[in-house]
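On a predicted model such as this, the values are computed, not experimentally measured, just so you know. Quick note on labels: first sequence line is chain A, next is B, and so on, each numbered from 1.
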There are 2 protein chains.
Amino acid sequence: MNKHCAMKGFLSFLILWLLNKKSLTGAEIGLELEKRKGHRPSPGTIYPVLKDLTKKGLLKIDIEKRYSLTKKGKQELDNNIQSFLDTFWDVDEMREHCCCHPNSDSNCSHKEPTT
Amino acid sequence: MNKHCAMKGFLSFLILWLLNKKSLTGAEIGLELEKRKGHRPSPGTIYPVLKDLTKKGLLKIDIEKRYSLTKKGKQELDNNIQSFLDTFWDVDEMREHCCCHPNSDSNCSHKEPTT
DNA sequence: AATTTTGTATCGGTTTTCCGATATATTTAA
DNA sequence: TTAAATATATCGGAAAACCGATACAAAATT
């Protein structure tokens, strides 16, 4: 029952999620976050998070300065995903709400362009 | 490309999302959050958020102390949902990644054998 | 009516997130 | 090799999220 307070803030979670797919450098993480969030977090935001996650043993960094998940990091990601899905179990409703709502401009960037 | 920095923290977004479905009192919001997040935020967390959102013109409160979205609140929710979906466009992969059912206590076991 | 319980709300303060400015390292270009 | 550009990293601090303690209000119970 106790889901120990995961998911305070998106950034750490997002970075874990990105690195689960592929190991990335700090700069590459910045670019990917820009794609998702619409603006690129400053280096002063990204690197401290990377440092913190590394210090916690969730990330490791290779000789090319690419960050990737440790085993512990993968477990932490699993926990975070669990919390995330529990909290947003009805995310599908959001999708419907978003792209079909009369009052909104309905320009989800991931939506297929309707000619 | 600029999507104005929405979605700082879950709580406001979640509360808007809940109230979009149904008008609720502060206590009812607490119970619903407990269901989703696994613990109930203290009144000292919930009410200041409600007050803040009300001050911003996103919520209104009726005579029974039930909060609900104003028109502006609905627009704000729309914006937040779009940001949320843009950021987490690959949430379905998370579902696959985490094979657990939301309500079950079955553990997410991708735990690889320890080396 | 008086007491207990529950809901509403505020306040002060702690923690966390995040950024701007800055510094250092590395790569690229000259 | 030097200079410029880019990437990496640190630091101090601002802003926000969040909570515990507390107080007040309303409802329920006695």
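One can place CD of A/Glu28 at 11 Å from C1' of D/dA7, the figure rounded to the nearest angstrom. Distance, B/Leu31 CG to C/dT8 C1': 14 Å, rounded to whole Å. Look at NZ on A/Lys65: it is 13 Å from P on D/dA7, rounded to the nearest Å. Between the CZ atom of A/Arg40 and the P atom of C/dC18 there is a distance of 17 Å, rounded to whole Å. Whole-Å rounding puts the B/Arg66 CZ to C/dA9 P distance at 13 Å. Between B/Leu16 atom CG and D/dA17 atom P the separation is 12 Å, expressed in whole Å. The interatomic distance linking B/Leu11 (CG) with C/dT17 (P) rounds to 15 Å, in whole Å. Rounded to an integer number of Å, the gap from CZ of B/Phe10 to P of D/dA16 is 18 Å.
Residue B/Tyr47 places no side-chain N or O under 4.0 Å from the OP1 or OP2 atom of D/dA21. Here A/Thr25 does not reach the OP1 or OP2 of D/dA7: none of its side-chain N or O atoms lies under 4.0 Å away. In this structure, A/Lys51 does not reach the D/dA9 phosphate: none of its side-chain N or O atoms is under 4.0 Å from OP1 or OP2.
Each of C/dC19, C/dT10, C/dA9 was ranked by its minimum atom distance to the side chain of B/Tyr67; first place goes to C/dA9. For B/Pro48, counting side-chain heavy atoms from C-beta on, the closest listed nucleotide (C/dC11, D/dA17, D/dT8) is C/dC11. Relative to the side chain of B/Thr45, the nucleotides D/dC18, C/dG7, D/dT10 differ in distance, and D/dC18 lies closest.
Judged purely by atom type and a 3.5 angstrom limit, B/Thr70 uses its side chain to pair as donor or acceptor with the backbone of B/Gly57. At distances below 3.5 Å, at least one donor-acceptor pair connects side-chain atoms of A/Thr87 with backbone N or O atoms of A/Ser83.
Between B/Phe10 and A/Phe10, the angle of the ring planes goes over 60°, which puts this pair in the perpendicular group of the 30/60° scheme.
Nearest-nucleotide positions on DNA chain D place B/Asp52 closer to the 5' end than the other of B/Asp52 and B/Pro43.
B/Asn80 and B/Trp17 share no side-chain donor-acceptor pair at under 3.5 Å.
When heavy atoms are screened at a 4.0 angstrom cut-off, B/Gly26 is found touching the sugar-phosphate backbone but no base atom. Nucleic acid contact class of B/Pro41 (heavy atoms, under 4.0 Å, all strands): sugar-phosphate only.
Nearest heavy atoms, B/Leu50 versus B/Gly26: CD1-CA, 4.1 Å.
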